[in-house]
Amino acid sequence: MLRAEGVINFTISDNLCEVVVDDGERRLGSLIAILSQGDTQIKKVTLGQTDLEDVFVEFAKSEPFDSPA
């Protein structure tokens with residue numbers, strides 16, 4: 001599990017790790033440092049902007065919802 005300040009969600013598929021954070025420009029340096037600690041080889045980094053709906057969807061995927069009893 002990737003635990004770092006500002007990380008909302010992440011996925012790993014094949015050779016791609018996609019990380020959704022609250023502020024990409026501010027978090028980039030620390031994320032690269034964390035990911036580089038193991039045997040991970042970073043070949044490419046891409047920053048993209050998300051809108052509020054994308055952030056909501058990521059939170060919904062990562063947070064369990066309690067259903068009313």
Side-chain angles (χ1 to χ4, degrees):
M1 182 76 158
L2 178 62
R3 297 206 185 268
E5 188 175 348
V7 173
I8 296 168
N9 200 3
F10 73 98
T11 57
I12 300 173
S13 176
D14 297 324
N15 291 326
L16 175 68
C17 176
E18 182 176 8
V19 183
V20 178
V21 296
D22 57 359
D23 185 344
E25 291 180 12
R26 191 170 100 202
R27 307 292 185 193
L28 182 61
S30 62
L31 285 173
I32 289 175
I34 291 168
L35 293 171
S36 297
Q37 288 176 356
D39 292 332
T40 305
Q41 181 183 18
I42 299 172
K43 293 183 178 182
K44 181 179 179 181
V45 174
T46 304
L47 286 176
Q49 297 292 323
T50 60
D51 61 21
L52 188 56
E53 181 179 354
D54 293 332
V55 173
F56 174 78
V57 169
E58 292 300 324
F59 270 119
K61 282 194 249 179
S62 64
E63 295 294 321
F65 289 102
D66 292 330
S67 57

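More than 12 non-hydrogen atoms from other residues, nucleotides or ligands lie less than 6.0 angstrom from CG of D23.
With V7 as reference, V19 is the one residue of D22, V19, I34, V20 to meet the side chain to side chain contact (heavy atoms under 4.5 Å, CB included) rule.
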Let me have the donor-acceptor pairs involving side chains of residues 37-48, under 3.5 Å, with sequence neighbours excluded, atom names and distances please.
from	atom 1	to	atom 2	distance (Å)
T40	OG1	L35	O	3.2

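Residues forming a salt bridge (Lys or Arg N to Asp or Glu O under 4.0 Å) with E5 (at least two apart in sequence, or on another chain): R27.
Residues L31 and V21 meet the side-chain proximity criterion, which asks for heavy atoms closer than 4.5 Å.
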